[in-house]
Amino acid sequence: MIRLDKFLSDNANLTRKTAKHALHRGDVTVDGVVVKKPDIKISNQQVRLNGELIEIVGDLYIMLHKPADYVCSTVDDDGLSVLNLIDAPWREKLHIAGRLDKDTTGLVLLTSDGKWSHQVTSPNAKCTKEYLVTVERPLSNELVTEFENGIMLNNENKPTKPAQLTILSEYRAKLVISEGKYHQVKRMFAAVGNHVKILHRSRVGELVLDESLKEGEWIKLTEQQYLSFS
Ligand code: URA
């Protein structure tokens, strides 16, 4: 059971205030009958706004391919928040589950489900993240062991957890980490005297960035995909 004005604001891209206005105007029917009261409780009835059936939106789980120059925060004065890439009426319900830096590209998860984002981002969740890294100076094989043993980062009091580095070429590597410290990948390479030039996140937990997604594009996760974090 849910109040009618809340049902409208949850599922019909209305605020509580504009939902009340729509009700007042007689734009809303419940099982075919015009209802003007915002506080009646509904459960399984058919609610229509201007004749259009309102589908229950439910929780949302989104995978986005973040382009460079977009920020992972809900507001950005230049309109370059990743949320602006989601041209759907329900985008205001979303928050970002695990941020990337402005210049980092790749997999970003967004959701309306606070518990789920906690599962994805919690340091205890042991959810690994895979990055493809291009660096400024040649990579040496010793780095694989150094990263496996943990690196002492600037302004931290304990080393990073074991991270798996796979060297792909002189300047490119794949790095898998299980934490999400601020600028972690860039700081790990800086701590060993290198510099990250290009950073791309290719996987979070079991979710691999869908190859068919171009930069700026997004898809809804399937139930099987979003349940992979529980
Ligand atoms: N580590 C970084 O340094 N930057 C990111 O965007 C993600 C991980």
Side-chain angles (χ1 to χ4, degrees), residues 62-76 78 80-86 94-111 116-140 143-144 146-169 171-210 213-218 221 229:
I62 305 289
M63 169 190 287
L64 168 86
H65 188 165
K66 178 191 174 298
D69 296 333
Y70 279 77
V71 293
C72 282
S73 69
T74 30
V75 273
D76 179 69
D78 300 328
L80 288 176
S81 157
V82 289
L83 279 165
N84 288 333
L85 295 166
I86 302 193
L94 298 174
H95 60 269
I96 297 152
R99 292 164 182 236
L100 291 179
D101 296 337
K102 190 171 180 179
D103 56 353
T104 304
T105 60
L107 173 53
V108 170
L109 297 171
L110 300 110
T111 185
W116 187 78
S117 51
H118 182 71
Q119 278 169 350
V120 174
T121 54
S122 157
N124 305 326
K126 299 201 180 74
C127 160
T128 59
K129 289 129 201 140
E130 179 185 280
Y131 292 89
L132 295 172
V133 193
T134 306
V135 290
E136 201 167 83
R137 283 178 269 286
L139 293 156
S140 69
L143 213 50
V144 175
E146 280 186 66
F147 278 8
E148 184 63 46
N149 292 342
I151 297 279
M152 204 64 201
L153 300 180
N154 245 344
N155 301 324
E156 300 284 343
N157 51 18
K158 39 180 206 267
T160 51
K161 294 201 175 129
Q164 289 70 52
L165 183 75
T166 310
I167 298 179
L168 304 172
S169 66
Y171 296 98
R172 288 193 76 233
K174 185 173 84 182
L175 180 66
V176 177
I177 59 174
S178 59
E179 304 162 285
K181 292 189 201 299
Y182 184 62
H183 295 324
Q184 177 154 347
V185 177
K186 291 176 185 164
R187 287 163 74 206
M188 285 174 76
F189 281 94
V192 295
N194 212 326
H195 175 72
V196 172
K197 279 175 41 181
I198 304 174
L199 187 56
H200 176 85
R201 183 155 71 189
S202 43
R203 179 176 61 76
V204 175
E206 291 176 19
L207 288 185
V208 177
L209 180 63
D210 193 310
L213 275 189
K214 299 199 189 79
E215 285 191 0
E217 291 183 344
W218 56 273
L221 297 181
F229 289 96

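Note that ligands are numbered from 1 as they come in the structure, with each ligand's atoms numbered from 1 the same way.
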Mark yes or no for whether His95, through its side chain, and Thr111, through its backbone, hold a donor-acceptor pair below 3.5 Å.
-> yes
Is there a donor-acceptor pair closer than 3.5 Å between any side-chain N or O of Thr105 and the backbone N or O of His200?
-> no
Ignoring hydrogens and angles, state whether a donor on the side chain of Thr128 or Arg203 is under 3.5 Å from an acceptor on the partner side chain.
-> yes
Can you list the residues that meet the ring pair (Phe, Tyr, Trp, His ring centres under 6.0 Å) rule with Trp218, with sequence neighbours excluded?
-> Trp90
At less than 3.5 Å, what protein N or O atoms come close to the N or O atoms of ligand 1? Include the distances to 0.1 Å.
residue	atom	partner	partner atom	Å
ligand 1	1 (N)	Val185	N	3.1
ligand 1	3 (O)	His183	O	3.2
ligand 1	3 (O)	Val185	N	3.3
ligand 1	3 (O)	Lys186	N	3.0
ligand 1	4 (N)	Asp101	OD2	2.7
ligand 1	6 (O)	Asp101	N	2.8
ligand 1	6 (O)	Asp101	OD2	3.4
ligand 1	6 (O)	Thr104	OG1	2.9

side-chain contact (heavy atoms from CB on, under 4.5 Å) between Phe189 and Leu139: does it pass, once the steps are laid out?
-> CA-CA 10 Å; Phe189 281 94; Leu139 293 156; 3.8 Å; yes
Is a side-chain N or O of Arg201 found less than 3.5 angstrom from the main chain of Leu107, in a donor-acceptor match?
-> yes
